[in-house]
Each structure stands twice: as structure tokens, then as C-alpha cells.
Amino acid sequence: METILKIENLEVKFHTLGGVVNAVNGISYSVEAGKTLGIVGESGCGKSVSMLSVMRLIPNPPGEITGGRILFKGQNLLEVSEEKMEHIRGAEIGMVFQDPMTSLNPVLTIGRQIGEAMMVHNGFSREQAEKRTIELLNLVGIANPDQRIKEYPHQFSGGMRQRVGIAMALACEPDILIADEPTTALDVTIQAQIVELTKRLQAELGMAVIWITHDLGVIADLADRMIVMYAGYIVEEADVFDLYEKPSHPYTLSLLRSLPRVDSSRGGGERLATIPGFPPDGVTIMLGCPFAPRCNFVVDRCRLENPPLIMVNNDHKAACWVDVNTGKERSL
Amino acid sequence: MTRYIIRRILQAIPLLFIISVLLFVLMINTGDPLSTMGGRRVTRPEDRERLSRQLGLDQPIYKQYLFWLIGNDWTKVDLDGDGTAETQGTRKGILRGDFGTSMVQRGKEVTDIILDRLPNTLLLMIPTEIIVIALSLAVGVYSALRQYSATDHIITGLSFIGYSMPIFFIALVSMYIFGVNFKAWGLPYLPTVGMFDPKVGKTTGQVIQHMILPIFSLTVITAAGYSRFVRSQMLEVISEDYIRTARAKGLPNRMVITGHALKNAALPLVTIVGLDVPLLLGGAVVTESIFAWPGMGRLFIDHLSRSDTPVVMGILMMISVAVILSQLITDIIYAWLDPRIRYS
Amino acid sequence: MMGTAESDVIKIQEEFKTEALTPGQLMRMRFVRHKMAVFGLIMLVILILYSFGGAFIFTEAEANFTNTKLRLNPPSAENPFGTDTVGRDILIRTIYGGQISLLIGLAAVVVEVVLGVLIGAIAGYYGGWIDGLLMRFTEAMFNIPQLFLLLVMAKFFGGSVPDINLFGRQFSGSVVVIIVIIGLTSWMYLARIVRANFLSLKEREFVLAAHTTGTSNFSIIFQHILPNSIAPIIVSGTLSVANAILSEAYISFLGLGVKPPTATWGNMLEGAYNYVETAPWLWIFPGLLIVLTVLSINFVGDGLRDAVDPHALVDAG
Amino acid sequence: MKIKLWLTLMTILIVFSMVMTSCSPAATPEPAAEQPSAEQPMEEPAAETPMEEAMEPKVVTFAWTQEPDSLHPFYTNMWFSATLQQLYLCWAWEYDDQNIAYPNLVEEIPSVENGGISDDGLTITLTLRDDIVWSDGTPLTSADFKFTYDMLMDDANSVNSKYPYDALTSVEAPDERTVVMNFPEPFAAWEANFWRGILPKHILQPVYDAEGSMMGADWNMNPTVGCGPYVLDEWESGSYMRFTKNENYWKGIAKIDDVFLQFVPDDAAQTAALLAGDADLGTFIPASDVPTFQDAGLTVFTVDSGYAEGWFINFREMASPAIRDVEVRQAIAMALDRQAISDDLLLGLTHPIETLWDPIAGGAYVSPDIVPWEYNPEAAKTKLENAGYVDSDGDGIREDLDGNPLVLVHGTTIREIRQDIQAVAQQQLREIGIDLAIESQDSDIFFGGYADGAPPAIGEQDIMEWSDSTYFPDPDTDYWLCDQLPSEENPYGYNYYGCDEALDALFQAQLVETDPAARQAIFHEITKYMHDNVLWYGIYSDPDLWVVNSNLTGVKFSGVTPFYNIWEWDFAN
């Protein structure tokens with residue numbers, strides 16, 4: 001399997017009024033061509049920031065990438081020129097954003113917004129771009145594409161707009177599609193449609209997908225591999241089945257418990273589990289594990305030492321001093 | 001759209017009615033046009049009594065308003081003071097397009113008086129507005145894109161100063177520097193007052209020379225506010241998600257700005273300009289006064305100082321109509337430029 | 001990476017909730033980070049000290065002391081700002097004029113806020129035909145350019161107004177006239193803001209709750225809703241002070257402002273254009289003081305707006 | 001793209017307004033250079049060749065700080081308009097630089113001696129010259145006089161003032177050259193006030209017939225037919241007015257071709273224009289600029305036009321009791337340093353005066369027995385002590401016996417010099433213990449009527465200051481007549497000062513006194529009485545100031561008809 005994107009020790013900081021926020025704290029992972037990586041975590045855990053770093057779209061100031069490497073097809077994206085980067089964005093890495101209501105330009109037609117990337121990257125003429133745009137809209141399942149390319153975003157429903165967003169990201173047939181919570185703002189039925197669409201397109205076009213979400217439910221039948229992030233750290237990384245079967249970090253466990261289960265044996269009156277407390281603010285320097293204050297499994301060591309990612313199983317890593325299956329402290 | 005326009009125009013009618021009543025009541029009570037009639041001596045009692053009657057100033061205010069509104073040709077008026085109204089009125093009233101005649105320039109049609117001056121005001125104001133829009137777009141966008149740079153700080157500071165300055169101050173300063181001091185230093189200097197040098201005549205070159213200082217002053221003040229607005233709009237727009245989307249598509253920066261950000265940032269300016277256009281019609285009263293520009297603003301001041309109600313009302317109503325019209329036009333243009341907005 | 005999406009920053013910063021800071025502290029912090037606002041505040045304090053502290057050094061009699069032999073003297077050690085057409089010292093007159101100008105600025109805004117809040121609150125709270133009527137009226141007032149309305153009103157109230165005695169000093173009655181007319185011609189914007197605020201707030205739970213407990217309309221308006229829309233009122237009020245000072249300068253410049261003997265920065269400029277060339281000190285000093293004051297207030301107002309508006313979090317120059 | 005369309009629209013608008021403003025026929029030829037001509041105006045003629053100079057029209061430029069409201073003599077009260085009448089109109093008789101009348105349209109000025117005035121003073125007969133014509137060649141006849149009278153008296157015309165024509169019973173025109181005026185009782189002020197401007201019947205009659213009034217006549221603003229040495233050529237509102245010489249002027253064709261009136265916004269612009277040589281003549285100049293003009297070689301004329309700046313004392317019952325006390329008034333008269341005002345504020349161009357009649361006929365109507373009020377604060381203080389005004393609480397302001405502080409209200413119009421005098425007076429009266437509260441209003445408010453609640457009319461102010469004159473050059477005034485007191489019944493009355501029966505009788509008597517010497521004697525009584533009782537307190541004589549290019553020759557000014565000899569003016573080479 002070819003590794004197309006490899007992130008090593010990425011560190012991102014934000015300078016805010018409240019102090020320096022450590023948004024991403026030295027994370028490493030890789031994405032393989034044609035596969036889907038799911039990144040899960042609460043708001044503010046650094047999952048979006050790490051993706052924006054890949055696109056080099058972190059606003060500076062106040063954001064700053066302070067360390068690490070992002071290797072895309074072997075070249076470090078943090079070192080390439082802005083011109084080169086412009087080509088990589090859109091042409092080689094496409095991105096779909098969370099809110100389809102705001103991520104499309106309200107005063108430009110859909111056709112122009114999809115087509116312009118092809119005109120820039122592929123040197124298409126206006127006619128070629130339009131032809132291809134119609135094909136793309138067909139591909140993402142929008143009816144009457146030759147009419148609709150003349151329309152404006154406000155004339156589309158939320159789900160349709162997200163389809164447009166996807167078409168836009170796929171316009172130049174990128175090798176990676178980054179989807180930053182693309183379904184969060186949508187109705188549940190539409191969510192499923194978008195997930196299905198993505199799967200179909202991935203099968204047809206063969207690109208890698210990085211799917212960011214805070215909803216473990218959505219990603220279950222989409223991802224090949226999963227990463228769970230908390231407070232700027234990767235706390236667990238595993239194949240999708242492993243993760244759901246044997247979650248090895250208390251945080252992952254809590255996330256899974258907070259999912260509503262249709263097959264619940266305990267009946268309808270069951271109260272969903274919530275995680276007490278708030279994630280750390282990123283400013284305060286924490287000595288131990290950032291999840292320790294909210295953790296049910298906490299031991300003394302957790303408050304003193306931040307656990308590294310530990311291989312708990314075959315290709316399954318978790319950052320915890322405790323084996324959550326046994327409740328015993330790991331001896332390391 | 002047509003229905004929307006009709007509805008807006010219908011809505012404007014009560015609005016104009018309120019405005020006219022308000023202003024009329026104010027104007028009628030702002031001094032006596034017959035006190036000295038611009039002369040150095042107080043008007044003789046006999047003449048004042050007679051003129052009050054003949055010009056209808058002795059009538060109760062509602063009647064004066066009525067005559068102003070719908071005219072008095074349906075009734076008779078008393079000219080000779082014998083207590084019986086025997087002369088047929090001749091006024092048609094503003095609703096029938098008769099703005100009346102001036103008290104100061106006895107017998108001269110208000111419409112003629114205003115039309116004499118209107119082109120001069122437009123001549124000064126339209127170039128100003130164009131320069132202001134172009135300048136503030138350029139400056140505002142530039143400084144937004146270089147937020148926190150030294151240039152941005154300087155531009156922001158300067159625009160704050162311009163924005164805080166009363167126009168007469170910048171006018172006096174510019175007259176002092178470019179008129180008085182340049183002359184004293186033997187540099188080519190600019191004329192400070194009037195529309196042209198009568199010795200030379202009203203040539204295009206002359207008029208343009210005389211336009212420079214007033215336009216400069218107006219531009220400094222207005223562009224300061226506009227560019228601040230454009231800058232903040234631009235800052236807002238470039239933080240929008242769709243700009244990030246455009247960047248994520250790999251568009252070069254120039255295309256992101258001109259293709260995606262500028263139109264969104266410039267759109268709200270249409271509203272601001274629409275609100276300001278009628279003000280310009282009034283010709284920035286102060287500017288015209290200082291630079292002795294023979295426009296509407298000076299006309300207003302001159303006639304206000306002699307309580308010439310028909311002329312003052314004529315100017316103010318014209319401006320009010322212009323305000324309403326330009327709001328309507330602004331809405332239409334906005335709808336035309338912004339696909340999201342549709343009126344019905 | 002210049003000019004990239006700022007919403008991300010806001011989103012990110014909102015994500016990293018800074019629990020340590022109360023909203024008040026945050027506001028103060030944002031304000032203090034706004035360097036121009038701090039500069040404006042300092043400038044304003046200096047100007048207030050100048051106008052009100054100067055009164056302890058020079059008496060008002062000195063401000064009005066004429067000496068026709070010292071007519072139109074240029075600035076000198078004796079008269080640092082020069083003298084005017086009857087030999088009064090311009091420095092001392094700017095001190096006393098400053099008091100009135102600042103007073104007019106503040107008092108006119110009080111009038112404006114009272115009117116604007118009252119009309120906006122009533123229109124927004126009661127809605128229906130009251131709202132329709134009040135808003136029509138507001139719109140009508142809006143449609144007449146302010147300077148025109150000010151001039152007409154200045155003439156309307158320009159008759160004889162008796163002098164007033166305040167704090168043992170005599171003021172020309174026209175000060176009150178100017179305050180009132182500036183207030184009367186500037187409340188419309190505020191009324192709209194307040195109305196919009198009321199429209200959205202009156203449907204909120206705490207208001208509905210107050211209704212069910214039988215609280216009177218008066219107390220709902222003033223004790224429940226108003227305190228929640230105070231921030232925009234304060235910001236708009238601050239900026240209005242600057243506008244009021246400018247308005248006073250404009251009408252005074254056109255000869256319809258505050259009448260002698262009371263000096264204001266505005267009426268010191270009246271007729272000064274006749275001395276553009278011959279006695280520039282007549283208009284430069286009061287003019288500069290107006291510009292400085294208005295500038296400082298605008299800075300402070302801008303800072304305040306950013307401070308109460310969380311979207312301006314990063315806009316700390 | 002849409003922005004472009006918008007810009008195009010704007011451009012069209014600009015071009016449109018450009019065309020509209022410049023489509024009026026260009027007055028003067030295109031200049032060779034686009035430089036402001038202000039740079040070297042005086043050198044221009046020198047640079048021309050003699051041939052061209054002969055062709056070049058002679059133009060005299062007036063800097064005019066106020067634009068006339070109308071050029072119809074009976075629809076304007078503006079000094080800046082009335083003054084121009086000697087350019088384009090003609091009076092029956094006009095006045096020379098000594099303010100002495102000389103016949104203009106008439107053979108001679110009527111008098112008892114030449115039979116023009118009947119012995120009972122009830123009929124005045126004018127005999128017109130036979131060579132007088134309008135500028136379009138139409139003869140000017142008694143019909144024009146009669147027409148003028150008829151128009152004035154017709155209510156449909158709403159003229160500014162019917163004075164003094166309402167004193168007549170009729171005007172007759174028995175033949176083309178004779179005008180007969182019939183009075184119900186003798187009218188001593190006739191010479192100074194009748195036939196100031198004759199209307200062209202052949203122009204205005206058709207308008208009157210068509211519209212029932214001459215109010216809307218084009219001639220009012222555009223009198224291209226006149227009977228003066230010049231006729232109006234063009235008036236561009238807000239910018240300029242040009243008069244060109246009347247080729248049919250019967251006294252002789254004017255030497256200067258054009259008179260150009262440039263409207264300047266203020267004194268500063270006028271001063272600049274005069275100093276730069278852009279204008280050849282200016283008036284109503286600020287006194288402080290006079291030395292500058294003199295240094296620059298311009299000639300300054302001071303011409304008595306009957307105006308006097310003074311304090312009108314309100315002694316009506318609503319006035320402060322103090323001001324109604326003659327001792328207080330006399331104290332005030334001694335407390336103001338009028339000489340300093342004349343010297344410092346008016347740079348010695350004028351002088352303090354004692355009565356309203358000082359600037360008339362060289363002071364012939366002023367009683368020789370008057371002793372001018374001296375500036376003497378100590379004497380003023382003593383007077384106040386004697387009148388019972390003592391500063392009992394030590395605040396520097398005197399109180400009367402009941403402890404009421406001695407506060408007087410002084411009101412005036414918003415003219416800079418008046419507000420300056422107010423400031424000076426306030427300080428000087430405070431020195432003798434009088435608190436002067438000062439206020440000022442726009443003149444249309446200040447001089448408003450009783451019903452408007454104007455401060456002088458309703459008697460709110462104790463002292464009112466402005467510059468005024470009699471029916472100059474006649475000494476008559478009806479300001480102090482008892483029947484002119486404003487009230488509910490007489491809301492337009494303009495005796496804002498008070499009714500003094502003795503004074504009233506004297507004013508009544510002089511107007512019907514046909515013997516000049518006897519009339520003069522009555523005025524001596526009036527002036528002495530008003531001066532000693534301080535019913536009017538003179539500040540300074542308010543002459544007209546004219547600044548003229550020294551290259552102009554033959555320049556003379558009258559106080560009544562300023563440009564009476566403008567047809568004789570010329571440029572020296």
C-alpha cells in the first residue's frame with residue numbers, strides 16, 4: 001500500500017488574548033492511497049487544525065505551525081513555495097467544508113465556482129470547464145445540471161449545496177479528499193446520502209479520503225482506519241473494526257457510550273452517557289494526561305505523566321496508562 | 001419587482017406628508033421674511049401689514065400649508081385689506097407641480113431658482129462621489145489585505161483623522177496651504193473661491209481649477225469614512241468560509257481577492273452611497289459656503305437666513321424625494337447585483 | 001500566510017474556551033489591546049483636564065476680558081494662541097469654550113439616548129400600529145439630512161432664550177437650544193438599534209417569564225429588556241458624542257450656533273474664514289481642538305465597539 | 001461589469017451637468033493660458049499691443065459680497081441691489097458727492113420759488129426733460145411716472161414698500177412732459193423719497209395686463225431695458241452680473257464698456273480680489289483691512305450715507321426700571337469708551353456720534369448746544385450712586401434700593417462688529433457695576449414682528465444695537481411716534497423704544513413744516529432732547545466705505561446714489 005500523506009510530529013500554536021493555545025501537539029499519522037481515514041474528536045481537539053495545516057490554510061497570525069513535517073507524495077508541504085502549494089490545493093488535495101451554507105460564495109454562480117479551479121489548474125477553456133462541471137454535477141447526483149450551473153447557492157438546499165461542495169473539491173480529480181465534518185450541518189437522512197455518495201465516488205475515482213467528524217456513528221461504515229484526538233493529541237489509532245470492538249482509551253470508550261444505539265438491550269428509557277467536565281483550554285500547561293480530570297479510570301500516574309501512544313494490539317495504539325478492558329494500570 | 005416598486009412609492013406618500021408638515025411648521029416659525037427684507041432698515045409697519053396679507057403670511061398655519069400643498073386657486077384672497085376676499089388665488093400648490101414663488105426674489109419661480117443652481121452642485125458632487133468610491137475601494141481593500149502592516153496602520157490612522165475632521169477645517173487648511181501659502185511661496189497656487197475667474201470667463205479649464213479644492217476637501221472627509229467601511233467589509237469577507245473554500249480550490253491570491261472577495265465587500269457600499277447621494281444634492285452646505293460655489297447648499301443658507309419658506313421648502317422637499325428615490329434605486333441596484341435578494 | 005480565513009480563528013478561539021476570564025475582564029482586555037482606543041482615552045483625559053483644569057488657572061472673567069488695543073495679536077509668549085478681534089486671549093477662551101463644547105456633546109447625547117431609547121423601546125416592545133407610526137416618523141426624520149434639519153431647527157429655536165445660571169456661572173440660553181436640537185435630530189439611528197434589540201429580546205424566555213409573573217410593562221421594558229441591550233446603546237452613544245461636537249461646530253460655523261458671550265470651540269470659528277489669511281490662529285487652535293476631541297472619542301468608541309463585540313476578538317491593533 | 005455600467009451612468013451625468021453649466025454663452029473669449037489670471041492681472045494690458053488694446057473692451061469689476069435678490073427697484077430692500085440702480089435705472093433727481101440733489105429726468109427740482117411746489121405745499125409739479133429715452137430708444141415720458149405710481153399702489157403687485165407714495169392722493173400726467181403730484185397735507189420729506197426708480201411702461205404694462213401683476217415679469221430679474229448709463233447684459237445666479245453700456249444714454253455714453261459684478265462669498269474673498277487686482281472696486285470692507293488697501297495703493301472713500309450705529313433705548317413699561325431711569329442712562333452714556341471702539345475696532349475710520357442725525361447734511365439738523373458724552377467711568381459711578389444704585393453685597397454689581405441687581409439686557413444682530421462691541425460694552429459697564437446680559441439673533445428673527453415674539457418688538461431687551469438712518473437724506477423718521485408702538489392691535493408697529501408725548505409732537509410737527517429753516521429748528525429740539533435724555537445713544541457714524549483701483553479716474557460717490565457719475569468714470573492709461 002502506498003502512503004500518500006504522512007504527518008510527522010505536527011505542532012500548531014495559536015496566539016490569542018488568553019495566551020498561547022497549543023492546538024496540535026506533535027501528532028503523527030499517515031494516509032494510504034485510496035483508503036479512508038476517519039478523525040474523531042470533540043470540538044477544539046485539533047482535528048480541523050491539523051487538516052488546515054495540510055492545506056496550509058492556518059491563518060497566520062494568530063496561528064503558527066511550530067514544528068513537524070507534512071509529507072505529501074514525499075515532499076514536505078511546509079517547505080514548498082506558495083505557487084506550488086496553490087497547485088496542490090484543489091488539483092491534488094481537495095477539501096469539503098463543514099457548513100455548505102457559508103462555504104459557497106453567495107454572489108457567484110455554481111457553475112463558475114466549480115469551473116474556475118479547472119480553468120486555473122487544468123488550463124480548461126470556459127466551455128471545457130462548463131462541460132466538465134455538468135459532468136461533475138451529474139456525478140454528485142444533481143438533476144438538470146445544465147440548468148443549475150447558472151444558479152446561485154441560495155437556490156440549492158443544504159444537501160445539494162454539499163454535493164456542489166464535493167463536486168468542487170473533486171473538480172480536478174485530487175489524490176486526497178479532505179472532508180471536514182461535511183455532514184454535521186445536515187439532516188440525518190441527508191447525512192447518509194452524502195456518506196453514500198462519498199463512498200461511491202471513492203470507488204469510482206480511487207482517491208484517499210480523510211473524513212473528520214465528531215460523530216462516531218457517521219464514520220463507522222466509511223472509514224478504513226480511525227484516529228481519535230483529544231486536546232491536540234492523538235489518543236487512539238486503530239482499524240475501524242478494532243476501534244469499535246475494543247476501544248482502548250477511556251475517551252474513545254466515553255464517545256462510544258454517548259452514541260445512541262438502536263439495538264440497545266436496555267430499552268428506550270436509557271439515558272445516553274455524557275462525559276462530565278470540559279476539555280482543557282489548551283493554554284494551561286498540563287503536567288499529566290489531558291483527559292485525566294474527566295477520566296473514570298484515572299490513576300496517580302495519569303496526573304504526573306502524559307502517556308505516549310502505546311501499541312495495545314496489532315496496529316492498534318492508545319495513549320493510556322490503564323488497560324481499559326481490565327482496568328489495570330499498564331506496566332511500562 | 002414592479003409591485004415592489006409601486007408599494008415603495010405608495011409607502012413614500014405618507015412619509016413625504018409627515019416630512020412636509022414637520023418642515024413647514026418649523027419654517028413658518030423661523031423668523032419673519034418681511035422683517036428687513038434684506039435691507040438695512042426695519043420694514044415700515046404699513047408695508048409689513050400689507051405684504052403679510054398679500055403674501056398670505058397672516059393666514060393661520062394650516063391654511064398656509066394647505067395653500068402651499070394644493071394651491072389657492074379654488075378660493076379667493078384679500079389683497080387690499082378691506083376685509084373681503086375678492087381676488088381669485090393663483091397658486092397651484094406643490095401637488096400640481098407649483099413650488100410657489102420666492103419671497104426674497106419676489107415673483108421668481110422656486111423651480112427656476114433651484115434649477116439655476118442644481119447643475120453647479122451636480123458638477124461638484126458627481127466627480128467627488130466617483131473619486132471617493134474609487135479611492136475608498138482601493139484604499140480600503142489595500143489596507144484590509146495588509147492588516148496590521150505599517151501601511152494599514154497609517155491608512156487607518158489617517159482615515160480616522162479625516163473622519164473626525166469637520167469639513168470646514170480641512171477646507172480652511174487646504175485654502176491656507178494651497179491658496180494662500182503656495183501663492184506666498186511663489187508656487188503655482190489654486191483658486192480658493194467661486195466657480196471661475198470672471199476675468200478669464202467660464203471656461204472648462206477655469207471651472208476645473210476651481211473644483212479642485214472643494215473636491216479635495218469633500219473627498220478627504222467622505223473617503224475617510226468610506227474606506228474605513230470598505231476595510232472592515234473586506235476584513236469580514238476575507239474571513240468568510242467561502243473565501244477559504246476559494247483558497248482550498250488553489251486559486252491564486254489575486255483571483256481570490258478580485259474574483260471572490262471584492263464583489264461581496266463592495267456590495268454594501270452601494271447602500272452607503274445610496275444614502276449619501278441626496279446629501280450631495282444638498283451640496284454639502286458648508287463646503288459650498290466656504291468655497292463660494294454657486295450651488296444648492298449656498299442657496300439654502302442664503303434663503304434660510306431670510307426665512308424664504310417657499311425656496312427652503314422646495315429644496316428640502318426635493319432632497320427628501322431624492323432620498324426616497326435613491327433608497328429605492330439602491331434597493332433595485334442591490335437586488336440586481338446580489339442574486340440572494342429578490343423583492344416582491 | 002496572509003489574510004486567511006479569520007472565521008477559523010474565531011471558531012478555534014471559541015473552541016478553546018478561556019474559562020479563566022470573565023466577560024468583563026475580556027472586554028477590558030480587548031479594549032486595552034486596542035491601542036488607538038487607549039490613546040483616545042488618554043487624549044480625552046488630557047482634553048478634559050485642559051478644559052476643566054484650566055478653569056482653576058484662569059477665571060472666566062479673563063476669558064471674556066477684552067482689550068481693543070491687543071486686537072488680532074499673533075501668538076506670543078503673552079498670548080500663546082494669540083488674541084481675537086476684541087483682544088481676548090484665545091488660549092483662555094479655548095479652555096472655557098472646551099467646557100461648553102464637551103458639555104454640549106455629552107448633554108446632547110443624553111437627550112438623544114433618552115429619545116432614541118424611549119421611541120425605540122416603545123416601538124419594539126409594543127409593536128403593531130404604535131411601532132408603525134413611530135417608525136414612519138423615525139424614517140421621516142431620517143430622510144431629511146441632519147445638517148439641514150439642524151439649521152432649520154436652530155433658526156426655529158433661535159429667538160430670545162434667557163441666559164441660564166448653572167454652578168454660579170452664566171451661560172447663553174442658546175447652549176440649551178443647541179443641546180436640544182442636536183438631540184432632536186440625532187436619535188433616529190439609536191431608536192432603530194433599540195427597536196431591533198427589543199424585537200428580538202421580547203420573545204426571549206426571561207421576558208416571557210416576567211410576563212407570566214405579572215410584571216408591569218414598564219418594568220419589563222426598563223428592568224428586564226433594556227439592561228440587555230445596553231452595550232450597543234453605550235457604543236452608539238459614545239460615537240454620538242463625537243457627532244454632537246461636530247454638529248455644534250457646523251452650526252456655529254454657519255452662524256446659527258451658541259451665541260456670545262459663551263464661547264465654544266465651534267463659535268470661536270464663526271467668521272474665522274474671513275481671517276484665513278490674515279489671522280490663521282483664530283481658527284487653527286479651536287479647529288485643532290475639535291479635531292483632537294472628535295478623533296479621541298471616535299477611537300474610544302471604536303475600541304468600545306470592538307470590546308463588546310466578540311467577533312472583533314482578534315482585531316486588536 | 002455592472003459596476004462599469006454604473007460608472008457610465010455617472011459619466012453621462014457629469015457631462016450633462018458640465019454642458020448645463022457651460023451652455024450659457026461664453027461671456028469672455030477663451031483665455032490663452034489656463035493659469036489663474038490672478039498671478040499677473042496688472043501686467044496683462046501692458047503685454048498687449050496698442051492695436052489690440054483699442055479693441056479690448058474696458059471692463060470695471062466690482063467685488064460684491066451680497067448677491068441682489070431682485071433688480072426691480074420696488075422688489076428689493078437690499079443695499080447691494082439699490083446701490084446699483086444708478087447703473088441701469090434713473091431717478092427723477094439724483095445726488096452728488098455732497099449728497100446734494102441735482103435734476104436728472106426733470107428740468108429742475110421743484111421748489112416754491114420756481115413754481116414747482118404750490119404755496120400750500122399740496123401740489124408738486126415736475127417738468128421732464130425732452131431728451132430722455134429708454135435704452136431701447138423708447139422715449140421716457142410722464143406716462144412712465146404715472147405707470148410707476150399706479151403699479152406701486154396696486155395691491156396685486158405686492159411691492160416692498162408704498163412709502164412715500166401712499167402719502168399722495170393722486171399722480172396726474174396732463175401731458176408727456178408734466179407730472180403732477182397731489183398731497184392731502186404737506187409732506188416735507190418728498191424730495192428725498194419720491195421717484196427713486198422709474199418703471200418702463202412699455203415693457204411692464206403688457207406683463208401686467210396679461211398676468212394681473214408685474215410680480216412675475218422677466219424684467220424684474222433681467223432688466224435689459226433701462227434708463228441708466230448701463231443695461232444688464234447677463235446675470236448668472238451665484239456667480240456674476242454683467243452690465244454693458246447703454247448706447248442711448250442721453251447724458252453721454254459711458255467711457256467704460258462693461259461693469260462686471262463678481263459675487264464673492266465674504267470679506268476675505270473681497271479683500272483678496274481687490275489686493276490681487278481681480279476686482280477694481282469693493283464696498284462694505286472690514287475696517288481692519290483698510291490699512292492693507294492703502295498700503296497696496298488702492299483708494300479708500302468714506303461716504304456718509306446717513307447710517308449711524310447706536311443703542312436704541314427701550315423705555316417702555318416692560319423694560320427694566322433701571323433703564324427707564326434717566327440717571328442710569330446717562331451713567332451708561334459716560335461708561336462706554338466710544339473713542340476706543342472707533343479707534344481700535346474700526347481703526348479710526350469713523351468717529352463717535354451723539355445723535356442719529358449726525359451723518360445727515362453735515363450735521364445741520366443736530367442741535368449746536370449738545371455737549372458730547374465724555375468717557376468718564378468715575379462720573380458714571382457717582383451718577384449711579386446718586387440714583388440709589390449701590391453694590392451692597394460686594395459682588396461688583398450694583399443693586400437698587402430693593403436689592404434687585406442692576407442687570408440690563410443688550411440685544412443685537414449677529415454681525416461680528418456688533419458682537420465685538422457687545423463684549424467690550426459688557427466689560428466696561430461691569431466696571432461701573434452694571435451687569436449687561438448680551439444676546440444676539442439673526443436679523444430676520446431680531447427684527448421680526450410683535451406676533452412673532454421678536455425680542456425688540458415685545459420689549460424684552462433694554463438696549464438694542466444696530467445701524468440705522470432716517471429717511472435719508474431727509475431727517476424724518478417715524479421710529480419714535482406713539483402710534484407706532486407695537487401691540488396686539490398694532491402688531492407691525494416698529495416703535496420698539498417708547499412713547500414720549502413731547503417727542504411725538506415734535507416729530508409730527510416737522511413733517512408738515514414746509515419752511516426748511518423752521519423744520520431745522522424743530523430738529524435741533526429733537527436732537528437735544530434725545531441726546532440729553534439718552535433715548536438713543538450713538539456709538540459711531542457708519543459711513544459707506546469704498547475701495548477703488550487708483551487707476552480709475554473721475555470716481556465720486558454719493559451717499560444716496562453712490563454711482564451717480566459712473567458714466568464719467570474711466571481708466572487712466
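We name chains A, B, ... by the order of the sequence lines, and we start the count at 1 in each one. Computed from a prediction, not measured in an experiment: that's the story for all the values here.
- Between A/Val120 and B/Gly250, the shortest heavy-atom contact is CG1-O, 4.3 Å.
- In terms of modelled atom types and a separation under 3.5 Å, the side chain of B/His260 and the main chain of A/Asn105 share no donor-acceptor contact.
- Across every non-hydrogen atom of B/Asn264 and A/Pro106, the tightest pair is OD1-CG, 3.7 Å.
- From B/Arg244, atom CZ reaches atom CE of A/Met95 across 6.5 Å, with rounding to the nearest 0.5 Å.
- Atom NZ of A/Lys150 sits in a crowded spot, with more than 12 heavy atoms from other residues, nucleotides or ligands closer than 6.0 Å.
- Between chain B and the residues A/Met119, A/Glu116, A/His87, the most heavy-atom pairs under 4.5 angstrom are made by A/Glu116.
- Residue A/Lys131 qualifies as open at atom NZ: its count of foreign heavy atoms under 6.0 Å is 12 or below.
- Neither the backbone nor the side chain of A/Ile88 comes within contact range of chain B; no heavy atoms are under 4.5 Å apart.
- Atom CG of A/Leu104 is separated from atom CD of B/Glu240 by 12.0 Å, given to the nearest 0.5 angstrom.
- Between the side chain of B/Asp241 and the main chain of A/Thr102, no donor-acceptor pair closer than 3.5 Å is present.
- Of all non-hydrogen atoms in B/Arg247 and A/Leu57, the two that sit nearest each other are CB-CD2, 3.6 Å.
- For B/Thr245 (side chain) and A/Ser103 (main-chain N/O), a donor-acceptor pair under 3.5 Å exists by modelled atom type.
- Interface residue A/Gln113: backbone and side-chain heavy atoms are both found under 4.5 Å from chain B.
- The local environment of OH in B/Tyr163 is sparse, with at most 12 non-hydrogen atoms from other residues, nucleotides or ligands closer than 6.0 Å.
- Listed for the A/His121 side chain is a donor-acceptor partner under 3.5 Å among the backbone atoms of B/Lys249.
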